Amino acid sequence: MSGNDLILNGISVDNTFAEAFPMKATRIVVTAHRVEWARHAGVTATGFATSVIACGCEAGIERELGPDETPDGRPGVSLLLFAMSGKELAKQLERRVGQCVLTCPTTAVYAGIDPGPSVSGYGDRPPEGAPPGLGRPGAGQGEAIGLGKNLRFFGDGWQTSKVIGGRRYWRVPVMDGEFIAQETTAVVKGVGGGNLLLLARDTDAALDAAEAAVAAMRRVPDVVMPFPGGVVRSGSKVGSKYPALMASTNDAFCPTLVGLAKQSELDERIGCVMEIVIDGLTGAAVGEAMRVGMHAVIDRGADSGLLRISAGNYGGKLGPFHFPLRRLLSAAEGASA
Amino acid sequence: MNGHRLTLRQRLPLRLDLRGVLPGALAALDLAAAERLPVAHGREWLPLAECFTLESFEVEQPTLHFIGDLARVDHLGWGLDGGEILVDGPVGDHLGSTMRAGTIRVRGSAGDLAGVEMAGGELHIEGDAGHFVASTLPGSMDGMRGGLICIHGRAGDRLGDRMRRGSVIVGGDVGDFAASRLVAGSVLLGGRAGAHPGYGQRRGSVVWLQPDAAPEPPATFVPGLGNTAVFWQLFARDLAGIGERHLAGQPLADLLTALPARRPQRWRGDLAVDGHGEWLLPR
């Protein structure tokens with residue numbers, strides 16, 4: 001699985017693939033009077049959302065938006081949320097927006113994937129000033145789930161709605177003025193669990209490589225890296241010796257278990273491994289983020305201390321989306337792995 | 001898809017009811033069948049060709065193009081659910097009433113009850129409109145419930161009475177009781193209003209495009225305090241888009257496209273009813 005035939009800039013790229021699985025996804029846009037408040041709301045709403053194993057959803061800030069990219073002309077952030085079912089996603093979205101966006105000063109929240117018109121009318125089009133740069137799927141794609149639909153009841157009867165451009169927006173009186181929330185956002189099929197494993201000489205080298213990769217991958221639209229700083233050090237395998245656990249440490253990639261574990265993917269040169277997990281709205285977006293991430297670390301060369309790039313898979317048993325590392329690189333370079 | 005051009009043969013002696021004469025219906029017929037289509041004229045039925053000269057033409061979407069003085073033609077575009085109706089000349093009552101989709105554009109004036117219980121689509125009247133625009137059919141609780149009505153000229157009394165959803169834009173003056181008993185939706189007024197605007201307004205927005213022309217708010221309205229700038233930007237940007245798309249070159253378009261840069265003074269009312277309505281006076 002990990003024949004080391006391809007060496008780029010001194011870094012070995014394993015002949016393996018990342019394995020990903022289908023998820024339900026949505027995007028929301030949070031704006032605020034100042035960008036730092038949109039950031040606060042975004043960070044809070046996507047907090048404790050690293051893995052569906054115990055968080056209910058995986059989420060992250062996709063990118064910051066300028067005033068010319070948001071429906072209300074204020075700075076904002078776009079957030080991506082992923083869950084294993086549409087029902088769970090709706091639950092997580094309502095809780096997170098209700099507790100972290102509604103509560104955050106000056107914020108407003110809008111659908112980042114157009115759910116289509118709320119009502120029949122002339123407005124079968126996105127609202128004026130709708131974010132143009134989000135690469136969102138077409139209008140009306142996906143099932144609509146509540147955004148402001150239930151949060152409006154916080155208004156205790158003082159809430160009002162307005163249909164603008166065919167989309168319904170709720171106006172909930174709050175202490176700083178009004179909380180504006182679009183009624184629904186759309187759920188689309190997403191892809192979760194794309195990943196890269198960065199095998200390095202030591203901790204500094206592994207962190208430097210992971211940080212460089214994440215910085216580059218954050219410029220790719222339609223993806224988020226949901227773990228802290230985009231990086232996970234506790235990569236997992238499916239199952240455990242303890243029946244109650246559905247996942248446990250990826251012993252094949254733990255440097256401290258070389259020579260102890262039944263099977264190790266590492267050798268004595270590897271002192272530290274970091275994983276980057278990628279969730280995206282499409283398989284193409286996940287693949288592109290992996291390609292960009294690999295290029296970012298390969299460009300730094302082997303002198304950076306990064307020795308190998310690999311990926312996590314479960315022999316094709318976990319999910320239908322496979323991302324072969326060498327094919328991702330060759331797709332861009334025209335080289336064969 | 002077929003378009004049909006219908007030119008009025010002569011001034012009508014009685015009222016003509018064009019319910020059922022819709023772009024989609026005629027597009028499904030050949031010219032001879034369309035000419036035989038029965039229409040109500042006074043108390044009798046006449047074939048359509050007795051009133052109009054029909055010509056067909058090729059066009060992308062089903063279209064009817066009426067030419068002539070249709071001031072005695074009622075229910076034009078009644079229940080329209082798609083396609084386009086163009087009218088060169090004035091039309092009678094109930095223009096576009098109960099329409100659900102499609103576009104009606106009148107290069108002239110319309111009678112009373114235009115856009116009554118309209119639920120979608122666009123209705124453009126380049127001249128004046130009569131009373132009860134966007135209001136209710138007799139016995140009904142809700143008026144217009146979706147879509148867009150643009151009146152470039154003036155409108156009569158009871159504009160938007162019991163209107164529930166959608167937008168009505170009037171470039172000129174309006175009569176008495178404008179936006180009376182408004183349930184929801186948006187009424188934009190470019191000129192002056194007669195007596196008792198916003199009487200019994202429950203919810204919805206009345207925007208006075210020229211605040212100097214706005215009357216003193218009634219005693220049952222109170223100043224709206226607090227920051228509503230986010231909502232205003234959403235609303236004003238959409239209205240500016242409507243101005244650019246539908247009213248290019250008209251003075252009304254300038255008023256609409258300038259809205260996002262203006263800051264509205266806000267009044268809440270009518271406290272005699274729900275009091276959740278608002279008047280917006282962008283300065």
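In the text below, chain A, chain B and the rest are named by the order of the sequence lines, each starting its count at 1. Only a predicted model underlies this, so the values are computations on that prediction, with no experimental measurement involved.
Atom CZ of residue R167(A) and atom CG of residue L234(B) lie 13.0 Å apart, to the nearest 0.5 angstrom. With values rounded to the nearest 0.5 angstrom, I164(A) atom CD1 is found 11.0 Å from Q233(B) atom CD.
Residues of residues 82-101 of chain A lying under 4.5 angstrom from chain B, judged on non-hydrogen atoms, do not exist. When the heavy atoms of residues 271-283 of chain B are compared with those of chain A, the residues falling under 4.5 Å are H276(B), E278(B), listed by number.
Atom CZ of F227(A) has more than 12 neighbouring heavy atoms from other residues, nucleotides or ligands inside a 6.0 Å radius.
Residues W232(B) and D72(A) have side chains not in contact (no heavy-atom distance under 4.5 Å, counting atoms from C-beta outward). Looking at E178(A) and N227(B), their side chains never come closer than 4.5 Å, going by heavy atoms from C-beta outward.
S186(B) touches chain A through backbone and side chain together, each having a heavy atom under 4.5 Å away.
Judged by the 6.0 Å distance and 45° axis criteria, K162(A) is positioned over the aromatic ring of F235(B).
When all heavy atoms of D238(B) and G165(A) are compared, the pair lying nearest together is OD2-N, 3.6 Å.
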Inset, instruction - Determine, stepwise, if the pair V230(B) / R171(A) fulfils side chain to side chain contact (heavy atoms under 4.5 Å, CB included). - result: CA-CA 10 Å; V230(B) 177; R171(A) 307 169 65 181; over 6 Å; no

